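A short write-up of the structure that comes next.
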Amino acid sequence: MSNPDALIEAYRRKHPRSAEIHVRARELFPAQGATHFSRIHNPFRPYIVRAAGARKWDVDGNEYVDYVLGHGSLVLGHSHPAVVEAIQRQAALGLHYGDNHELEVEWAERIRGLMPAAERIEFCASGQEANQMGIRVARAHSGRRKLLKFLHNYHGWADELAPKGSPGALDDQVTVIPANDPALVERHLASGEFAVVLVEGGGGRVSGRVPTKVEFFQALPDLCRRHGTLLLLDEVVTGFREAPGGWQSVVGMTPDLSTIGKAASGGLAAGALLGRADVMSVLSGAAPADRRVVHGGTWNAVPISCAAGIAACSLYPGGAPQRAARAAADRFRRDANAMFRRIGANARCYGRSIVHLYLGPIDQDPADDTEAPAAVDRLMDPAKTPLHQRLDLHLLVRGVASMRGEAFCFSAAHDEAAVSSTVAALEESIAAMVAEGTLPF
Ligand SMILES: Cc1ncc(COP(=O)(O)O)c(C=O)c1O
């Protein structure tokens, strides 16, 4: 086995300025110098100075094909000219009026044009905030307290959204069950105590890694209706990424409430709760006092996010960006899987516009390679995290920024050159891990 630390040394040599900045960051940010749990890395992730299309560049002048894409938000690619132009124009007209403006109305109209279930829309500042608002609205509307969630679905880090049992979380009203079992959902809802069922749209960063069945999504609206429980579909990642109408249009279901963020605002900080007019009416001052939800938020519908959102949402009807992102993802998945077969690597890619990588002994000739290759516990095996982190570092030194060596998020800007250089970098990385003895299968 060659010296496994050689990679860390090579990485440090390639990133001298990032290393200096990281020393300063460690003195400031308690999460090992990172500002988001997914940006923590040993020794550190590169410090980025610029991004355009499918690529980004760090302070040391290294170029990356980027698959993090603003945590999945940039289905149009980095700095799409129409979005940048809208932001620049609006910045000159005012950053924040603290008042009503027409942009918020136009953005909401465009969102409703894409997602007809959005009879009413309430803007906020992030995806998690939208989910929190959805839970509050569902409780106020139903007069019930309990929340049903599914294992391995991600909705944010706050009190009831964090994994159940997380230190500091307030989750005594939260029940978490495995997805894909309508009878189990029914048994819980039959108690009549659940205000809301919260489920992540399929094909996302986590919901794509551990896929939820289409038939399960299709069963949920009726199950919820029969038991007086509201259904909240979290489309924070899938809204406007999987299709212009979101995951709900892909599987053909109508939730009572949906949440969006990320792609809705072209990559600026924003979120929104969308849903049935009668349910959303608890946000009105005219609602009875014991049902009324008061919603503040300095950053709700801030003009600059609205301008970016209008620009992005005006490119979505017809679905050309979504189809381009999916085509690039499909090409990558097919080429990477062919490469794994050719070199005899125990690995397989699967998924939709976010491609997931499974490392481990696997059938490499499945009938449908978009499907997940293994049972849930193997897909989520925490023992594999160090392997993926090692791969992530190998990919970074070869000019590929993946999502923690586990996933690759595609945009309309990922062209053939980007895809083929990524497959080549993946092949070299796997070969290097075999050579250094860090890939045990
Ligand atoms: C499915 C899903 N829901 C909600 C969130 C939280 O969104 P935000 O980070 O904008 O608060 C995320 C974040 O990645 C997500 O993946």
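Quick caveat, the model's predicted, so the values are computed rather than measured.
The aromatic rings of F332 and F408 are tilted relative to each other, their planes meeting at an angle between 30° and 60°. The aromatic rings of Y316 and F240 lie parallel to each other, their planes meeting at an angle below 30°, with 60° marking the opposite boundary. The aromatic rings of F194 and H188 stand perpendicular to each other, their planes meeting at an angle above 60°, with 30° marking the opposite boundary. In this pair, Y97 and H101 present their aromatic rings perpendicular. The plane angle is above 60°, beyond the 30 to 60° band. Classification of the F217-W247 ring pair by plane angle, with boundaries at 30° and 60°, yields perpendicular.
At least one side-chain heavy atom of V105 sits less than 4.5 Å from a side-chain heavy atom of E109. E406 places a side-chain heavy atom less than 4.5 Å from the side chain of R205. Proximity of F340 to L357: side-chain heavy atoms (C-beta onward) are separated by under 4.5 Å at one or more points. With contacts defined as side-chain heavy-atom distances shorter than 4.5 Å, the pair C313/L114 qualifies. Looking at E119 and M280, their side chains never come closer than 4.5 Å, going by heavy atoms from C-beta outward. In this structure, V68 and C409 have side chains that are not in contact, with every pair of non-hydrogen atoms separated by 4.5 Å or more. A 4.5 Å side-chain heavy-atom check between S38 and M403 finds every atom pair outside the cut-off. Taking the side chain as every heavy atom from C-beta outward, D159 and V174 never approach each other to under 4.5 Å.
Side-chain atoms of H388 and T385 form no donor-acceptor pair, as typed in the model, at a separation below 3.5 Å.
R26 contributes no side-chain N or O that, together with a main-chain N or O of G33, makes up a donor-acceptor pair within less than 3.5 Å.
The pair D222-R225 counts as a salt bridge, with a side-chain nitrogen and a carboxylate oxygen less than 4.0 angstrom apart. By the 4.0 Å N-to-carboxylate-O rule, E160 lies close enough to R139 to be salt-bridged with it. Using a cutoff of 4.0 Å between basic side-chain nitrogens and carboxylate oxygens, D369 and R333 are scored as salt-bridged.
Among residues at least two apart or in separate chains, there is no salt bridge (charged side-chain N to carboxylate O under 4.0 Å, His left out) pair with a member in residues 69-82. Each side-chain hydrogen bond (donor to acceptor under 3.5 Å, both in side chains) pair with one or both residues in residues 163-179, not counting sequence neighbours, would appear here, but there are none.
Within a 6.0 Å radius of CZ in R112, other residues, nucleotides and ligands contribute 12 heavy atoms or fewer.
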Only pairs under 3.5 Å count here: list side-chain donor-acceptor contacts from residues 266-279, not counting sequence neighbours, and write none if there are none.
residue : atom : partner : partner atom : Å
R276    : NE   : D278    : OD1          : 2.9
R276    : NH1  : D256    : OD1          : 2.7
R276    : NH2  : D278    : OD1          : 3.4
R276    : NH2  : D278    : OD2          : 2.6

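Taking the six-membered ring wherever Trp is involved, the centroid distance between the rings of W157 and F37 does not fall below 6.0 Å.
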For this session: Test R120 against S281 for side chain to side chain donor-acceptor pair (under 3.5 Å), laying out the working first.
Result: CA-CA 9 Å; R120 294 289 180 273; S281 69; over 6 Å; no
